[in-house]
Every structure is written in structure tokens, then in C-alpha cells.
Protein chains: 2
Amino acid sequence: MDLEEAKKKFIHSWGTLGSQWGINRTMSQIHALLLVSAQPLSTEGIMQDLNISRGNANMNLRALMDWGLISKEHKPGDRKEYFAAGKDIWETARKITAERRKREIEPVLQVLDQLKKESITGGNKEDIMAFQATIQGLDDFTGKANDIVGKFIKSDSNWFYKTLMKLLH
Amino acid sequence: MDLEEAKKKFIHSWGTLGSQWGINRTMSQIHALLLVSAQPLSTEGIMQDLNISRGNANMNLRALMDWGLISKEHKPGDRKEYFAAGKDIWETARKITAERRKREIEPVLQVLDQLKKESITGGNKEDIMAFQATIQGLDDFTGKANDIVGKFIKSDSNWFYKTLMKLLH
DNA sequence: CTAAACTTTCAATACTTTCTGAAAGTTTAT
DNA sequence: ATAAACTTTCAGAAAGTATTGAAAGTTTAG
């Protein structure tokens, strides 16, 4: 298979995965493109490879910078900015996980924690009990998931990897 | 806080989480509503509680059935269908995880596996090496993640949690 | 200083997804 | 058989998201 074709296939697949996980398709695709590029790419190059506008490229490159997944590089004697993706996939996974935890899990936990503490009025007893049981259960589960995710974020790749392999035995 | 207000808060929060994870907001909200309801609800009741149309309710109830997250119930002497959410949150998490693995992780793994096996032509050596290294790394990582997820899906709730917490100390 | 090279912004537009509601379909009781 | 009760479908409308591209902003070299 031709290298360009293989790249396209991967970029498409990665873009689809991203969009199913609530991440902008173009953002995933730019990330995928940079992951499989031996050299850093300029905005211009990215625009051409993915057939997207300058504004779109700029916006999603910024988002990827915000997530810490790519970095800017400069070539001597060239005013353009070049972008490169971090190539350590564990590190990348940790950054994505950390960002999503902050944006998504933590707000929910906050609501669940608050609701768990509140004293609930105005329904019949059975309804209140059902409500509280559900919130309790979800808060417990979400809290544990959050803890595990926290450990993962702070972990060293090799250690975590070995630990998981032990689990898979 | 009033029970109805507390429910609304939870339903809203759960709906937001769902939509950020690529799940239809209404689907998450119906699920949340059923989670905090002591009694099964009819389509009619769901429509009223969430202010949504019959078509929307029907469509998302079906999706929740497909995911195995809710079940139909019948009351004697009543022709309406009533819906109830499974209340075991670990079981629910396992079902969601299983479904998403099937829909999302496995297709990507298939592409990665295929690309890993392909012999790549038509680029310079450095580019081909970079491409293959990335695919290799991602396939490895995704495969491991997939294995772990598989363990989780098959696991007993307590065993999985205890094991993870022990390993992560 | 200023012009060229480059980056950022954002209003308008295109695209995608979700939702509505009325019509069609199905089931049940009599 | 048929009419009421209920569920499902789906084309069109609405809402939500992503993308464009031209103008504004910034930086650098000379």
C-alpha cells in the first residue's frame, strides 16, 4: 500500500473515533496527521493535506496546543510556525484523560456530591429513597472511576503498563 | 431542596455528560429520569417530564433498549408500556462499555491491525519508519486498552474494583 | 518606518444532528 | 369486524456545530 494512502486511511479512522468521543473531527485528523509525519508541518502544509481552510486549521491547532498534544517548532531562517505531535502515546493518553476528567467528570461529581448532601423535600418517601439511592450509587461509582483515572494520570508509563499486564495476567 | 428540583438538576447534569461523550442528550436524560424514578414510567410520562415529542421519546427509548439499559414493563389491566432503568450502576457501566467497544474501539483496531501488517511503499525511508512506529505504538496501546475493557466487561463488580485499587495502591 | 510574511479573528454559511408531529401501523377488547 | 388505545415511522423543521475566507492584527527584515 502506498504511504499516502495508508496515512489517509489512518487519519480517517482516527477522525471518526474522535468525533464519536465528542472531539471535533478536524482536531483528531490534524492530530493523526502530525502523529504520522516524520517532520513538523506548517499550517500551510496541514491545510493542503487535509483540504481545510486557514481558519479551521488555526482554530484546531490552537485547541491541540491547549490540550498539550502538539507543540510549535521553528526552523532556522524560516518565519513559519511548524507543528509536531508528541509521539509518546502513553503521555498523550494521559493528557487527554486529564483534560476530559477536568472538563467532564469533575463537574458531574460536583453535582452528585452536592445532591448527596442536600436534604430532599416534597416527594413521597419512596420517591425520595429511590432518588437518594441512585445518587449515592452514581456518586460512589463516579468517584471511584475518578480516583482510578487520577492514578493513571500521575502514573509512570512503564509502571502502569506492567501493573496492567499483571491484571490481564 | 425539592425532589423535583433535585431530579431536574441531576437529569440536566447527566444529559450534559452524555452529550460530551457522544451520546444523544435526550437519550441520557431519559436514562437519568428513569434512574431516579421509583416507578416505571410510560412514554406519556416521559414526554411530559422532559418536554419532548412522542417521536423523540420513542426513538430514544428504543435506543436505550438496544443498549440494554432499560426494560419494558407492563401493569396489569393497562395497555401502556412502562419503562424502567436497570438500577445496578456497575452493570450499566459494563453494558455501556461493551457497546462502545464494539462500535468504536474495534473498528479502529481493525484498521490499525491491517495497516500494521501492510507493507508500505512509495515514501522516503524516514517517513515510512515514522508511520510504522506510530501505527505500531497506537495498535499496541489500543489493543491493551481493549483487553482491559474486555476484562472489565466480564468482571464481577467488586473483584474488578478491588483488584484495580490494590494494584494502583 | 514600512512592506512583506505570517497568524488570528469572526460574521456568514454550510453541514450535521436532533426533534417534531401528524399519519400510518399495530394490538386488544368487545 | 371495528373502534379505541397505543406505538412506530419519517419527512420536514429547528437547533447545534463546524468551516470558510476575507479582513484585521502581529511580527520581522531591511
Side-chain angles (χ1 to χ4, degrees), chain A residues 11-12 14-34 40-67 69-84 100 103-104, chain B residues 11-12 14-34 39-67 70-84 100 103-104:
Chain A
I11 289 167
H12 179 263
W14 208 244
T16 302
L17 181 65
S19 71
Q20 285 166 328
W21 283 82
I23 286 160
N24 179 312
R25 184 196 258 43
T26 303
M27 182 172 156
S28 299
Q29 289 184 337
I30 293 177
H31 188 223
L33 172 62
L34 293 177
L41 297 178
S42 65
T43 301
E44 210 70 42
I46 291 163
M47 286 164 59
Q48 281 176 15
D49 282 358
L50 299 180
N51 251 285
I52 59 175
S53 72
R54 187 172 299 286
N56 194 12
N58 185 270
M59 172 180 162
N60 285 295
L61 283 166
R62 171 133 45 100
L64 285 165
M65 294 282 297
D66 289 347
W67 284 62
L69 302 180
I70 64 172
S71 56
K72 280 184 187 170
E73 306 201 358
H74 289 93
K75 295 192 178 176
D78 187 340
R79 278 173 61 186
K80 278 201 208 63
E81 292 178 331
Y82 289 79
F83 299 90
R100 300 206 70 156
R103 295 183 190 204
E104 294 152 20
Chain B
I11 289 166
H12 178 265
W14 208 245
T16 301
L17 181 65
S19 70
Q20 285 165 328
W21 283 82
I23 287 161
N24 178 311
R25 185 196 255 44
T26 303
M27 180 171 158
S28 298
Q29 288 183 338
I30 293 177
H31 189 224
L33 173 61
L34 293 176
Q39 298 300 324
L41 298 178
S42 66
T43 302
E44 211 70 41
I46 291 164
M47 286 164 60
Q48 281 176 16
D49 283 358
L50 298 180
N51 253 287
I52 59 175
S53 71
R54 187 173 299 285
N56 195 12
N58 186 270
M59 172 179 160
N60 285 294
L61 283 166
R62 171 134 44 103
L64 285 165
M65 294 282 298
D66 288 347
W67 284 61
I70 65 173
S71 57
K72 280 184 187 171
E73 306 202 357
H74 289 93
K75 296 192 178 176
D78 187 341
R79 279 175 58 184
K80 277 202 209 65
E81 291 178 332
Y82 290 79
F83 298 90
R100 301 205 71 157
R103 295 182 191 205
E104 294 152 20

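Every value quoted in this text rests on a predicted model; they were computed, and no experiment measured them. Note on naming: letters A, B, ... go to the chains in the order of the sequence lines (proteins, then strands), and numbering restarts at 1 for each one.
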field: chain A footprint on DNA chain C, 5' to 3' - any atom under 4.0 Å from a heavy atom
entry: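 So the outermost contacting nucleotides come out as C/dA4 to C/dT9.
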At their closest point, which heavy atom of [X] faces which heavy atom of [Y], and how far apart are they?
X       : Y        : value
B/Ile23 : B/Ser28  : CG2-OG, 3.5 Å
B/Arg25 : B/Gly15  : CG-O, 4.0 Å
B/Gln20 : A/Glu104 : OE1-CG, 3.3 Å
A/Ala57 : A/Thr43  : CB-CG2, 4.0 Å

- prompt: Side chain of B/Asn60, backbone of B/Asn56: donor and acceptor closer than 3.5 Å?
  reply: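 Checked: pair present.
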- request: State whether the side chain of B/Arg100 and the backbone N or O of A/Trp21 hold a donor-acceptor pair below 3.5 Å, judged by distance alone.
  value: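 Flag not set: sc B/Arg100 to bb A/Trp21 has no pair under 3.5 Å.
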query: Under the side chain to side chain donor-acceptor pair (under 3.5 Å) test, which residues partner B/Arg79, sequence neighbours left out?
result: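 Side chain to side chain donor-acceptor pair (under 3.5 Å) check on B/Arg79 returns nothing, list empty.
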query: Is B/His31 close to B/Ile70 at the side-chain level, that is, under 4.5 Å between some pair of heavy atoms?
result: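 In contact.
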- request: Would you indicate whether the side-chain heavy atoms of B/Met47 and B/Arg54 approach each other to under 4.5 Å?
  value: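 Of all side-chain heavy-atom pairs linking B/Met47 with B/Arg54, at least one is under 4.5 Å.
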Strand contacts (DNA chain C) in residues 20-33 of chain B, 4.0 angstrom heavy-atom criterion: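 Per residue number, the list reads B/Asn24, B/Thr26.
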- request: Identify, residue by residue, the members of residues 45-63 of chain A with a heavy atom below 4.0 Å from DNA chain C, and return them in order of residue number, or none.
  value: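 Nucleic-acid contacts, sorted: A/Arg54, A/Gly55, A/Asn58, A/Arg62.
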- request: Could you tell me which residues satisfy ring pair (Phe, Tyr, Trp, His ring centres under 6.0 Å) with B/Trp14, sequence neighbours excluded, listed by chain and number?
  value: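 So B/Trp14 forms a ring pair (Phe, Tyr, Trp, His ring centres under 6.0 Å) with B/Phe10.
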Protein-nucleotides 11-15 of chain D N/O pairs under 3.5 Å:
none

query: NA contact type, B/Glu81, heavy-atom cut-off 4.0 Å: base, sugar-phosphate, or nothing?
result: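 Touches sugar-phosphate only.
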task: Calculate, to the nearest 0.5 Å, the distance between atoms NE2 and OH belonging to B/His74 and B/Tyr82 respectively.
output: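 Nearest 0.5 Å value for the NE2-OH distance: 10.0 Å.
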query: What's the spacing between B/Thr16 OG1 and B/Ile11 CD1 if we round to 0.5 Å?
result: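 The CD1 atom of B/Ile11 is 11.5 Å from OG1 of B/Thr16, to the nearest 0.5 Å.
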